Colleague: 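Encoded as structure tokens, here's the structure I'll be asking about.
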Protein chains: 2
Amino acid sequence: MDLFISKYFNKIDKKGRVSLPSSFRNVLPKANRNEIILYKSIKSRSIEGCGVGRLKEIAKRINNLDFFSEDYDDFSTSIFSEIVTTSIDKEGRFLIPEELKLYAGIKTEAAFFGQGHFFQIWETKQGLKNTEDSRRRLLKEKKSLRIMLTQQK
Amino acid sequence: MDLFISKYFNKIDKKGRVSLPSSFRNVLPKANRNEIILYKSIKSRSIEGCGVGRLKEIAKRINNLDFFSEDYDDFSTSIFSEIVTTSIDKEGRFLIPEELKLYAGIKTEAAFFGQGHFFQIWETKQGLKNTEDSRRRLLKEKKSLRIMLTQQK
DNA sequence: TGGGATTATATGGGCGTCAATGGGTATGTG
DNA sequence: CACATACCCATTGACGCCCATATAATCCCA
């Protein structure tokens, strides 16, 4: 399976280490299996993460913008300076930078939510609440989606 | 990772030395790992820097401007004549020329912002403010950021 | 197919290494 | 000689690497 799926709740130890769920590790390309990128979610108080491969893709796109435009700087600043890369140790653990933990309100436990091509890290309670809210919105307001999700192939 | 990523805040000591963040050092080609170039940013009160190898890339970008335009001369002059090369000592530190520090308003701390193929050095407060402003502009006015960040290859 | 044995995963902790920082001295150039 | 800067060494704290354990999952063989 090459998608980030399901949810996991892992402890953050004294040194600040958390295990990246094993199934998430397996999604990373064998080449860069010991590195991921993290950044603040735009839409919620959570951290988003994925393999480094996507970063190179983004770099390429930004590089194609007009170098002397304001847009270039805005993209470049908002993305490159906000993204952090962290390495994963032999046991599959990594460090969440302090700033990102603050942003997401994470202290002693990290809740990992698979999102397909990327994943989110939440403070456990907020993450669970977000899941409920999402689901409620889906069921109440988006009948068409419900159809997509329940329809047989 | 061969890109300048993330942000770092390093102290400038009495002698005027600053550490180039370790992850930035690693972006420099192993050959010229002890030399970088610095120049005033055209668009902001910051210093831009990169490995010497990127000079060619900068030349190409300027060359793509209309040769007979005023812009051409302005960019060409502003950048090429202002470029300085500085060497990095064994501990990974370098000196920011006085003129550049003045231009950016840097005194005792330098804020390094990764920008992909180059990086910027800001006075800490201004740098943080710039990050916020950039992000705000993108979120309010440009849906494209969201697309870049969330869209799959 | 049951149940012990092996492997994997999450978690904890020790310790050496490296990064950031400080300072002292030599070298050099005006 | 004075100032700047290159070179050398020292300190501190963070992080990487290694080893250890407990629980859960998987395997394997009779």
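As the structure is a prediction and not an experimental result, all values here were calculated from the model. First the proteins, then the strands, lettered A, B, ... as listed; each starts at 1.
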Colleague: To the nearest Å, how far apart are B/F94 CZ and D/dC7 C1'?
Modeller: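 So the two atoms are 18 Å apart, to the nearest Å.
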Colleague: To the nearest Å, how far apart are B/K11 NZ and D/dT12 P?
Modeller: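 About 17 Å, once rounded to whole Å.
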Colleague: Between C/dA20, D/dT5, D/dC19, spot the one nearest the side chain of B/P21, thanks.
Modeller: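 Between C/dA20, D/dT5, D/dC19, the one nearest the side chain of B/P21 would be C/dA20.
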Colleague: Apply the ring pair (Phe, Tyr, Trp, His ring centres under 6.0 Å) test between A/F4 and each candidate in A/F112, A/F118, A/F24; give the one that qualifies.
Modeller: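 Running ring pair (Phe, Tyr, Trp, His ring centres under 6.0 Å) over A/F112, A/F118, A/F24 with A/F4 returns exactly one hit, A/F24.
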Colleague: Take atom CD1 of B/I88 and atom C1' of D/dT5, then tell me their distance rounded to the nearest Å.
Modeller: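 These atoms are roughly 15 Å apart.
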Colleague: Rounded off to whole Å, could you give me the CG-to-C1' distance for the B/D89 and C/dA20 pair?
Modeller: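 The distance from CG of B/D89 to C1' of C/dA20 comes to 12 Å, rounded to the nearest Å.
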Colleague: Whether A/S87 contacts D/dC15 is assessed here as follows: a side-chain N or O lying under 4.0 Å from the phosphate OP1 or OP2. Is that the case?
Modeller: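 The answer is no; no side-chain N or O of A/S87 sits under 4.0 Å from OP1 or OP2.
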Colleague: Nearest to the B/N10 side chain among C/dT21, D/dA6, D/dC19, which nucleotide is it?
Modeller: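 Taking heavy atoms from C-beta onward, the closest nucleotide is C/dT21.
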Colleague: Indicate yes or no: does B/E109 engage B/K125 in a salt bridge with an N to O separation below 4.0 Å.
Modeller: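 Not counted as a salt bridge, because no side-chain N and carboxylate O are separated by less than 4.0 Å.
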Colleague: If the threshold is 4.0 Å, N to carboxylate O, is there a salt bridge linking A/K129 and A/D133?
Modeller: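 Salt bridge between A/K129 and A/D133, a charged N being under 4.0 Å from a carboxylate O: yes.
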Colleague: When the distance from CZ of A/F24 to C1' of C/dA8 is rounded to whole Å, what number comes out?
Modeller: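 A/F24 atom CZ is separated from C/dA8 atom C1' by 17 Å.
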Colleague: Which listed nucleotide (C/dG12, C/dT21, C/dG14) is nearest to the side chain of A/R93?
Modeller: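 Nearest nucleotide to the side chain: C/dG12.
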Colleague: Which pair of heavy atoms, one from B/K11 and one from B/V18, lies closest together, and at what distance?
Modeller: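 So the minimum-distance heavy-atom pair works out to O-CG1, 3.4 Å.
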Colleague: So if I take every side-chain heavy atom of A/K90 and compare against C/dT9, D/dA6, D/dC18, which nucleotide ends up nearest?
Modeller: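 The listed nucleotide nearest to A/K90's side chain is D/dC18.
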Colleague: In this structure, how many angstroms lie between the C1' atom of C/dG13 and the CZ atom of A/R17, rounded?
Modeller: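 Distance, rounded to whole Å: 7 Å.
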Colleague: Output the single nucleotide from D/dG16, C/dT9, C/dT11 whose closest atom is nearest the side chain of A/S22.
Modeller: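 Of D/dG16, C/dT9, C/dT11, C/dT9 is nearest to the side chain of A/S22.
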Colleague: B/D13 side chain: which of C/dG22, C/dG12, D/dC18 is closest?
Modeller: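 Given the options C/dG22, C/dG12, D/dC18, the side chain of B/D13 is closest to C/dG22.
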Colleague: Please tell me which of B/Y8 and B/K14 maps to the more 5' nucleotide of DNA chain C, matching each residue to the nucleotide holding its nearest heavy atom.
Modeller: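 Taking each residue's closest nucleotide, the earlier one in sequence belongs to B/Y8.
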Colleague: Between D/dA4 atom C1' and B/L95 atom CG, what is the distance in whole Å?
Modeller: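 Result: 9 Å.
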Colleague: To the nearest angstrom, how far is B/I12 atom CD1 from D/dT5 atom P?
Modeller: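 In whole Å, D/dT5 P and B/I12 CD1 are 14 Å from each other.
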Colleague: Run the side-chain hydrogen bond (donor to acceptor under 3.5 Å, both in side chains) test on B/E35 and B/S87 for me, step by step, so that the C-alpha distance in whole Å, both residues' side-chain angles and the decisive distance to 0.1 Å come before the verdict.
Modeller: CA-CA 4 Å; B/E35 200 171 26; B/S87 58; over 6 Å; no
Colleague: Quick check: on DNA chain C, is the nucleotide nearest B/K15 upstream (toward 5') of the one nearest B/L20, or the reverse? Name the residue that is more 5'.
Modeller: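 On the 5' side of the pair lies B/L20.
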Colleague: Looking at residues 25-36 of chain B, who's got a heavy atom less than 4.0 Å off DNA chain C?
Modeller: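 Only B/R25 qualify.
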Colleague: Can you tell me if NZ on B/K43 sees more than 12 non-hydrogen neighbours from other groups inside 6.0 Å?
Modeller: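 Counting neighbours around NZ of B/K43, more than 12 heavy atoms of other residues, nucleotides or ligands fall under 6.0 Å, so yes.
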Colleague: Hey, mind stepping through A/E82 and B/K7 against salt bridge (charged side-chain N to carboxylate O under 4.0 Å, His left out) and telling me if it holds?
Modeller: CA-CA 7 Å; A/E82 292 287 325; B/K7 49 180 187 276; 3.5 Å; yes
Colleague: Under 3.5 Å, is there any donor-acceptor pair linking the side chain of A/E91 to the base of D/dC19?
Modeller: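 Under the 3.5 Å cut-off, the side chain and the base do form a donor-acceptor pair.
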Colleague: Hey, is B/E123 close enough to B/K101 for a salt bridge, meaning N to O under 4.0 Å?
Modeller: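 Answer for the salt bridge query: no.
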